[in-house]
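First comes the structure, then the notes that go with it.
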Amino acid sequence: MENNREILIIGCGEHARTVIDNIEQQNKYKIHGLVTNDINELHAKIHNYNVVCLEENLDNYLCDHPYITRYFLGVGVSSGDMKLRQKIYSKLDLILESVNIIHPTAIISKYAKLGKGNLFEAYSKVANDVTIGNHCIVYSFTAINHDQEIGDNVLIGCNVSMAGKNVGSHTIISDGSSISFKKSVGSNTIIGDGTLITKNIPDNVICYGNPAKIIRNNE
């Protein structure tokens, strides 16, 4: 039965280390090891967990370890490229089950609807009737107020206040930002640090400021 709790972490960078902390605190899953796309990281240790295989060899590794059925995506967005994450998890979701990692101090309403593969860090809050898609990241001290809809593969940074309506998929809401009541943010958009959203923001843009101004297209 112990093996049924085992999961793989895909990726070995900064975000993977953050994921490890939250998995250990949640104490629901046992980390089997990490998977990398860098041969130089193979057989290294990340926070005392082994890097067990290359991504390209994952199918073979799972054949040898059939009790592993779950994973979590430990690939972050240091490049700002959310579509890279999407490319990785779209393949992994076909062969493994992605789980939600919820820090024990996070507050998730029982009336919220969560997809799969989401990370909720310490002291984050998700209110009633919020819908969150798949593979989202909600960092510490962020509050998502009631009746909002968050798409897939959305990163919401630390200390973000959200009273909006919806956020499209593959979007980044950076640290310290605030989304005003019933305002929407489009897909594939980047909201810079400390930005105040007082009007709807379209798809495929980068915006910043107080109040928010569109700086350029997000290509």
Side-chain angles (χ1 to χ4, degrees), residues 4-5 7-10 15 18-19 21-23 25-29 69-77 82-175 177-191 197 200-203:
N4 292 334
R5 299 173 58 229
I7 62 172
L8 288 169
I9 297 174
I10 310 300
H15 185 58
T18 296
V19 168
D21 283 337
N22 284 273
I23 291 174
Q25 289 293 320
Q26 186 182 15
N27 197 29
K28 182 177 181 180
Y29 302 106
T69 60
R70 300 184 177 100
Y71 85 99
F72 197 87
L73 184 61
V75 176
V77 292
M82 298 298 284
K83 293 297 182 72
L84 175 61
R85 281 173 47 86
Q86 181 193 24
K87 181 179 179 181
I88 296 170
Y89 73 66
S90 294
K91 294 179 180 179
L92 291 169
D93 283 349
L94 298 175
I95 58 174
L96 290 168
E97 176 190 357
S98 188
V99 299
N100 288 323
I101 303 302
I102 302 173
H103 192 279
T105 62
I107 300 173
I108 310 294
S109 170
K110 67 179 181 180
Y111 302 108
K113 298 177 182 178
L114 307 181
K116 60 184 180 181
N118 300 300
L119 172 65
F120 300 91
E121 280 207 323
Y123 304 106
S124 57
K125 179 182 178 181
V126 178
N128 63 85
D129 297 306
V130 169
T131 299
I132 294 180
N134 304 316
H135 299 288
C136 294
I137 304 168
V138 181
Y139 282 116
S140 296
F141 301 102
T142 281
I144 304 174
N145 289 340
H146 60 85
D147 296 292
Q148 297 183 67
E149 184 172 348
I150 312 300
D152 296 331
N153 193 31
V154 174
L155 183 150
I156 305 172
C158 296
N159 293 296
V160 174
S161 175
M162 299 180 64
K165 183 178 181 181
N166 53 61
V167 176
S169 297
H170 319 304
T171 283
I172 297 173
I173 311 293
S174 299
D175 293 354
S177 296
S178 180
I179 301 178
S180 299
F181 184 66
K182 295 298 182 184
K183 300 301 183 289
S184 296
V185 177
S187 299
N188 193 41
T189 282
I190 298 176
I191 306 300
I197 304 296
N200 292 338
I201 303 298
D203 298 341

Counting C-beta onward and ignoring hydrogens, is there a side-chain heavy-atom pair between [X] and [Y] closer than 4.5 Å?
X	Y	answer
I137	R85	yes
V130	S109	no
F72	I10	no
D203	S187	yes
Y89	Y71	yes
T18	E121	yes
T142	N159	no
M162	N145	no

Do we see a donor-acceptor contact under 3.5 Å between the side chains of N100 and N118?
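Present: a donor and an acceptor within the cut-off.
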Pair D175-Y139, side-chain donor/acceptor within less than 3.5 Å:
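Absent: no donor and acceptor within the cut-off.
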Just say parallel, tilted or perpendicular for the rings of Y123 and F141, cut-offs at 30° and 60°.
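Rings of Y123 and F141: parallel, under 30°.
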Qualifying residue for side-chain hydrogen bond (donor to acceptor under 3.5 Å, both in side chains) with H170, from N188, N153, D152:
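Considering N188, N153, D152, a side-chain hydrogen bond (donor to acceptor under 3.5 Å, both in side chains) with H170 is found only for N153.
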Evaluate the side-chain contact (heavy atoms from CB on, under 4.5 Å) criterion for residues L73 and H15: first the C-alpha distance (whole Å), next the side-chain angles of each, then the deciding distance (0.1 Å), finally the verdict.
CA-CA 9 Å; L73 184 61; H15 185 58; over 6 Å; no
At what distance, to the nearest 0.5 angstrom, does [atom1] of [X] lie from [atom2] of [Y]?
X	Y	atom1	atom2	answer
Q148	T131	CD	OG1	10.5 Å
S124	I108	OG	CD1	5.0 Å
S140	N22	OG	CG	7.0 Å
I179	N200	CD1	CG	10.5 Å
I150	C136	CD1	SG	7.5 Å
L119	H135	CG	NE2	12.5 Å

Give a yes or no on whether the backbone of [Y] and the side-chain of [X] come within a donor-acceptor separation of less than 3.5 Å.
X	Y	value
S90	K87	no
T189	P202	yes
T171	V154	no

Among residues at least two apart in sequence or on other chains, which ones pass salt bridge (Lys or Arg N to Asp or Glu O under 4.0 Å) with E97?
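So E97 forms a salt bridge (Lys or Arg N to Asp or Glu O under 4.0 Å) with R70.
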Given K28 and I23, is the side-chain contact (heavy atoms from CB on, under 4.5 Å) satisfied, shown in steps?
CA-CA 7 Å; K28 182 177 181 180; I23 291 174; over 6 Å; no
Around atom NZ of K182, are there more than 12 heavy atoms of other residues, nucleotides or ligands at under 6.0 Å?
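Counting neighbours around NZ of K182, more than 12 heavy atoms of other residues, nucleotides or ligands fall under 6.0 Å, so yes.
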Applying side-chain contact (heavy atoms from CB on, under 4.5 Å), run through I191 and I172 and close with a yes or a no.
CA-CA 6 Å; I191 306 300; I172 297 173; over 6 Å; no
